[in-house]
Visitor: 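The structure's right below; bear with me while I get my questions together.
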Amino acid sequence: MGDHLPNLLTLARIALVPAFVASFWMSMPMGRWVAFVVFVIAAITDYADGWLARSRNLESRLGQMLDPIADKLLVAAALVMLVYNDDIRGFVIIPALIILAREILVSGMREFLATISVQVPVSSVSKFKTAVQLGALAMLILAPAVEHVWGGLHFAGIVSLWGAAILTIYTGFSYVQANLAHVSAEDARDRRRSSAEARPV
């Protein structure tokens, strides 16, 4: 079982998403506390499964496929529910859309890169972006439950969400640049192969 622990943690994170969404229909403030706890647990498993896989050399193709899916499901579910509950509204929808658009773009590029067996490592800036993004969402999830104690938590969450969006644009642009280089290299190889096959023997 130890060999499969990283993948089990990733699957657990996926399984937590429906519970996370359902908690938004619970009465306040209990529902937001439940949503916050579930979100934090899911975020911790995101760190834990990656750390276990790397430290114990347990990385697998299944884990490489499931991990980004689990991350995107959690972030997308949080953004959708926060917009639905009016925690994110007005111009603040812009950073939410930027984050979602980047996730879709990166997913499409990863799909292409998988066809040519290329992996692009996650940069330290991307890891920082993820931490800021998860922190922003966690604050926005909890804010309505503690507004009588700390009214500034929602504002802090909004500021952090804009910060995450700015980092998202930067890391997304860097990711696109890195992947376009691989696409150009692959096109060049295809042209050389086509030219070699076309030569008379």
Visitor: Between Val75 and Ile166, is there a shared hydrophobic cluster once you connect ILVMFWY residues whose side-chain heavy atoms come closer than 4.5 Å?
Guide: no
Visitor: Residues in ring pair (Phe, Tyr, Trp, His ring centres under 6.0 Å) with Phe36, at least two apart?
Guide: none
Visitor: With a cutoff of under 4.5 Å between side-chain heavy atoms, which Ile, Leu, Val, Met, Phe, Trp and Tyr residues group with Phe155?
Guide: Val159
Visitor: Can any side-chain N or O of Arg32 pair as donor or acceptor with the backbone N or O of Pro29 at less than 3.5 Å?
Guide: no
Visitor: When rounded to the nearest 0.5 angstrom, what distance separates CD1 in Ile14 from CG in Asp71?
Guide: 9.0 Å
Visitor: So do the side chains of Ile99 and Leu161 get within less than 4.5 Å of each other, counting heavy atoms only?
Guide: yes
Visitor: For Trp162, look at atom CH2 and say whether over 12 heavy atoms of other residues, nucleotides or ligands are found less than 6.0 Å away.
Guide: yes
Visitor: Are Val38 and Ser23 close enough that some pair of their side-chain heavy atoms sits under 4.5 Å apart?
Guide: no
Visitor: Are Val83 and Met28 grouped together when hydrophobic residues (ILVMFWY) are joined by side-chain heavy atoms under 4.5 angstrom apart?
Guide: no
Visitor: Check the hydrophobic clustering (I, L, V, M, F, W, Y; side-chain heavy atoms under 4.5 Å; chains of links allowed) and say if Val37 and Ile44 are grouped together.
Guide: yes
Visitor: Shortest non-hydrogen contact from Val17 to Ala77?
Guide: CG1-CB, 3.9 Å
Visitor: Hey, what do you get for OH (Tyr170) to CZ (Phe128), rounding to the nearest 0.5 Å?
Guide: 12.5 Å
Visitor: When rounded to the nearest 0.5 angstrom, what is the spacing between CG in Leu82 and NE2 in His154?
Guide: 8.0 Å
Visitor: If you look only at distance, which donor and acceptor atoms sit under 3.5 Å apart when one is on a side chain in residues 134-143 and the other is two or more places apart or in another chain?
Guide:
none

Visitor: How many angstroms lie between atom CD1 of Ile98 and atom OG1 of Thr168, to the nearest 0.5 angstrom?
Guide: 7.5 Å
Visitor: Do Gln133 and Leu167 make a side-chain contact, defined as non-hydrogen atoms from C-beta onward lying under 4.5 Å apart?
Guide: no
Visitor: Treating Ile, Leu, Val, Met, Phe, Trp and Tyr as nodes and any side-chain heavy-atom pair under 4.5 angstrom as an edge, say whether Tyr84 and Phe39 lie in one connected cluster.
Guide: yes
Visitor: Nearest 0.5 Å please: distance from the CG atom of Leu11 over to the OG1 atom of Thr45.
Guide: 10.5 Å
Visitor: Quick check on side chain to side chain contact (heavy atoms under 4.5 Å, CB included): which of Val34, Asn85, Val80 does Phe24 satisfy it with?
Guide: Asn85
Visitor: Determine whether more than 12 heavy atoms belonging to other residues, nucleotides or ligands lie under 6.0 Å from atom CE of Met26.
Guide: yes
